[in-house]
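Remarks on the structure that follows.
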Amino acid sequence: MGILSTGTRALVASQVALQTTGNNIANVNVQGYSRQNVVLETVEGQFTGGGYIGNGANVQTIQRNFSEFLTRQSALAGSTKAGDVARADKLKQLEGIFEGGTSGLGAAVNDMLNAFSDVASAPTDLTARTVVLTRVDETASRMRATAQRLDDLQLATSQELTQKVSKVNSLAKSIADVNLEITRAIGSGQPPNDLLDRRDQLVRELNQYVQTTSIKADDGSVGIFLAGSQALVLGAEVAPVVIAKDDFGDGLKSKLAITRNGVTVPLDESTLGGGEISGLLRFQNTDLNEGRNLLGRMTLAISTAMNDQHKLGLDLDGNPGTNLFSLAGFNSNNVLQPQQFPPPAPSVTVNQGDASLTLGINDVSKFAASDYEVSFSSATQGSITRRSDGIVTAFDFGATNPVQLDGLDISMPSGTPAAGDRFLLKPFSTSASTITREFSTPRALAVSSPVVASMGKGNTGSMQLVSLKVTGKPGGLTLPPSPVLPATTGAGVQLSFVAGPPVGFTISGTNTPPTGFVGPYVPGTTVVPYIPNSTLSIDGWEVTLTGSPQANDTVQVGNAKDAQYGNYYTRNAGNANDMMGLRDVAMFDGAALTDGYAGLMSQIGIRAQSANYAADVSTSIAGNLEKDRAGVSGVNLDEEAAKLLQFQQSYQASAKMIQIAQNIFDTLIQTLGR
């Protein structure tokens with residue numbers, strides 16, 4: 001019976017080995033399947049006087065080829081790759097919104113400013129004026145269209161986040177269910193290989209959406225944790241995740257939050273690690289928000305600069321200019337209307353004080369494409385954080401109100417904040433989506449200068465007039481009391497030069513400055529008298545002269561609407577030239593106005609290029625680690641085919657052993673029967 005028993009055990013062991021090898025071959029294309037091997041153990045031998053006689057082998061277990069370290073590393077690398085690729089794909093779409101060429105926003109801005117050249121050549125030509133207004137409307141339209149495309153990308157990203165969060169919750173529920181099955185099956189004393197493979201695969205799939213940490217429990221289940229320590233799955237229990245707004249209720253930004261026992265806990269984005277959700281959140285909250293702020297800054301800066309300059313001119317009927325553009329939330333002076341921050345939408349952060357903040361504009365050339373967070377440490381003091389780069393600026397409304405920062409006026413007109421109160425300022429997020437052309441009447445285009453200048457007829461020096469420009473703001477000379485440019489009649493203001501040394505000028509006219517005043521003169525530089533004009537709402541002008549004056553040489557500056565000049569203002573295109581001059585004004589981080597869009601494209605392009613590089617690197621790393629994992633757990637068909645032959649021969653040999661045992665047994669029976 002010994003040989004029969006040994007042969008039977010060998011036959012069973014070979015049969016199990018063949019079945020396991022066949023199972024490996026059948027699952028070669030199944031995602032997450034780990035190659036299985038039969039582990040045999042020797043049956044204890046039988047003692048005889050001649051020594052121990054072996055009794056064959058039994059199947060100890062079916063072992064899966066599995067490396068916990070490589071599996072974990074592969075999942076983490078895959079999570080990083082998924083996040084980088086998701087962000088890079090979205091940045092590619094964002095880059096496509098800010099297109100160049102003739103159809104781009106930059107071309108529209110250049111065409112709009114260049115259109116003033118035709119009006120400068122023919123100020124009374126209504127066709128040329130109409131072309132300017134058409135270009136203004138086209139620029140506003142392209143800004144709105146670009147903003148709409150950003151809104152569409154925002155909506156698509158939000159929908160994608162919602163779908164992926166739903167998938168995370170579904171995978172977490174599946175992991176919890178498999179945990180329950182494993183804890184039940186593991187009581188048999190043998191590992192449920194297929195269930196373990198299924199759970200590992202679910203964890204890998206989950207890491208494609210959000211990076212997780214797995215911790216094994218004594219009962220065979222695993223706990224799945226997000227953001228370092230937040231439990232997503234504990235045994236058979238699941239804490240679902242949701243997409244929530246940020247602390248200020250900002251609809252343009254989102255956070256991943258986990259819900260446990262009815263309490264929703266927002267997760268810090270910086271602790272999420274990899275995964276598509278993390279990549280999409282980073283894109284939405286950082287990249288897309290910067291793109292929106294860059295567009296909004298460009299829109300607000302250009303529209304404000306052009307509105308301010310246009311209001312310094314006269315239209316064809318002699319009326320002061322009005323705004324060329326209008327934006328929602330701005331008054332007629334192109335200043336943000338008073339508004340409360342944060343908005344009234346539900347917010348995680350609830351301020352304890354009753355203070356309100358307002359936002360105004362003081363210098364468009366200092367704009368930074370950013371949101372701002374205002375935090376109070378007392379009733380008047382605190383800090384302002386520029387969110388784009390994290391730079392913090394201290395303030396004290398008790399000493400300075402408004403606080404000036406990055407070309408903005410931040411005021412606290414009423415109320416008293418409590419320590420810990422926070423406010424979110426978003427000066428640029430909606431500028432481009434609401435911009436429109438203010439008027440369509442070509443006669444209302446204010447291209448004439450409200451002041452005129454001429455050299456004295458008796459001048460004997462070589463001094464020449466280079467330019468005359470209305471600035472709308474105080475100049476560099478302090479002249480108390482300030483002379484007023486006559487509104488309708490009078491000789492205006494006269495600059496009379498003295499030989500010096502040093503060479504300079506005196507000013508005569510209404511409200512002449514004190515006796516003894518002499519303004520400095522350097523040829524080729526700008527002379528900036530402070531000449532307010534209440535009738536035209538003009539605060540100042542500047543004249544640029546060159547050459548060397550002689551004593552008593554004069555320059556006369558007058559109101560263009562004075563009767564002595566007749567209708568000269570209709571043929572004067574000084575403000576059109578000043579509008580064209582905006583092209584070279586340093587406005588966007590030191591770059592000229594016309595280079596603003598190129599700078600915007602460059603910043604988005606740099607982000608996209610960096611994201612693509614990160615995606616390529618993480619994809620390569622993830623591929624290498626997956627190859628290492630597959631080298632341990634994957635099925636090699638050539639190897640399995642060789643094993644089939646090996647186990648087939650073993651099976652045939654075992655069957656032959658049983659046949660021989662049967663023959664021996666038959667011979668023994670026949671012998672005993674005689």
Side chains of Y372 and T385 in contact at under 4.5 Å (non-hydrogen atoms): no

Any sub-3.5 Å donor-acceptor pair from T183's side-chain atoms to L180's backbone N or O? yes

Give me each pair satisfying side-chain hydrogen bond (donor to acceptor under 3.5 Å, both in side chains) with a member in residues 82-95, each pair once, sequence neighbours excluded. D84-S618, R87-D287, K90-E160

Quick one: which of D197, N193, N23 gives a side-chain hydrogen bond (donor to acceptor under 3.5 Å, both in side chains) with Y33? N23

Please examine the side chains of D389 and S370, heavy atoms only from C-beta on, and report whether any two atoms are closer than 4.5 Å. no

Can you confirm if the NZ or CZ of R64 lies within 45° of the ring axis of F66 and under 6.0 Å from the centre of its six-membered ring? yes

Pairs under 3.5 angstrom only: tabulate donor-acceptor contacts from the side chains of residues 54-63 to other protein residues two or more places apart or in another chain.
unit_1: N55; atom_1: ND2; unit_2: E44; atom_2: O; d: 3.0
unit_1: T61; atom_1: OG1; unit_2: Q190; atom_2: OE1; d: 2.6

Do F248 and F423 have ring centroids that are under 6.0 Å from one another? no

L105/M143 under side chain to side chain contact (heavy atoms under 4.5 Å, CB included): CA gap, chis, key distance, verdict: CA-CA 7 Å; L105 181 55; M143 287 177 174; 3.6 Å; yes

Is the gap between the ring centers of F395 and F376 under 6.0 Å? yes

Does E626 come within less than 4.0 Å of R629, counting only side-chain N to carboxylate O? yes

For Y52, enumerate each residue passing the ring pair (Phe, Tyr, Trp, His ring centres under 6.0 Å) test, keeping only those at least two apart in sequence or located in another chain. F47

Assess whether a salt bridge exists between E205 and K167, defined as any Lys/Arg side-chain N lying under 4.0 Å from an Asp/Glu carboxylate O. no

Side-chain atoms of residues 641-652: list all donor-acceptor pairs with protein atoms under 3.5 Å, sequence neighbours left out, distances to 0.1 Å.
unit_1: K643; atom_1: NZ; unit_2: N37; atom_2: OD1; d: 3.2
unit_1: S650; atom_1: OG; unit_2: S14; atom_2: OG; d: 2.6

Report yes if the side chains of L94 and L91 come closer than 4.5 Å at any heavy-atom pair, otherwise no. yes

Is the shortest side-chain N to carboxylate O distance from R149 to D152 below 4.0 Å? no

In this structure, CD of Q230 is separated from OG1 of T213 (nearest 0.5 Å) by 12.0 Å

Pairing of D200 and R204 as salt bridge, 4.0 angstrom limit: no

Would you confirm whether S103, through its side chain, and E99, through its main-chain N or O, come within 3.5 Å as a donor-acceptor pair? no

Between T212 and N207, do the side chains contain an N or O donor and an N or O acceptor separated by less than 3.5 Å? yes

Taking only Lys NZ, Arg NE, NH1 and NH2, and the carboxylate oxygens of Asp or Glu, determine whether R422 and D247 approach each other closer than 4.0 Å. yes

If you measure from the Lys or Arg side-chain nitrogens to the Asp or Glu carboxylate oxygens, is any gap between D371 and K426 under 4.0 Å? yes

Considering all heavy atoms, the nearest A176-V238 contact: CB-CG2, 3.6 Å

Which donor-acceptor pairs under 3.5 Å do the side chains of residues 274-285 make with protein atoms, sequence neighbours left out?
unit_1: E276; atom_1: OE1; unit_2: K164; atom_2: NZ; d: 2.5
unit_1: S278; atom_1: OG; unit_2: G273; atom_2: O; d: 2.7
unit_1: Q284; atom_1: OE1; unit_2: S254; atom_2: N; d: 3.2
unit_1: Q284; atom_1: OE1; unit_2: S254; atom_2: OG; d: 3.0
unit_1: Q284; atom_1: NE2; unit_2: S158; atom_2: OG; d: 3.2
unit_1: N285; atom_1: OD1; unit_2: S254; atom_2: N; d: 3.0
unit_1: N285; atom_1: ND2; unit_2: S254; atom_2: O; d: 2.8
unit_1: N285; atom_1: ND2; unit_2: E269; atom_2: OE1; d: 2.9
unit_1: N285; atom_1: ND2; unit_2: L281; atom_2: O; d: 3.4

Would D268 and K255 pass as an ion pair if we require N to O under 4.0 Å? no

Can you sort out the partners of Q19 under side chain to side chain contact (heavy atoms under 4.5 Å, CB included), two or more places apart, ordered by chain and number? none

For V392 and S383, the nearest pair of non-hydrogen atoms, with its separation, is CG1-CB, 3.5 Å

Test D406 against every option in R297, K366, R386 by the salt bridge (charged side-chain N to carboxylate O under 4.0 Å, His left out) rule and name the one that passes. R386

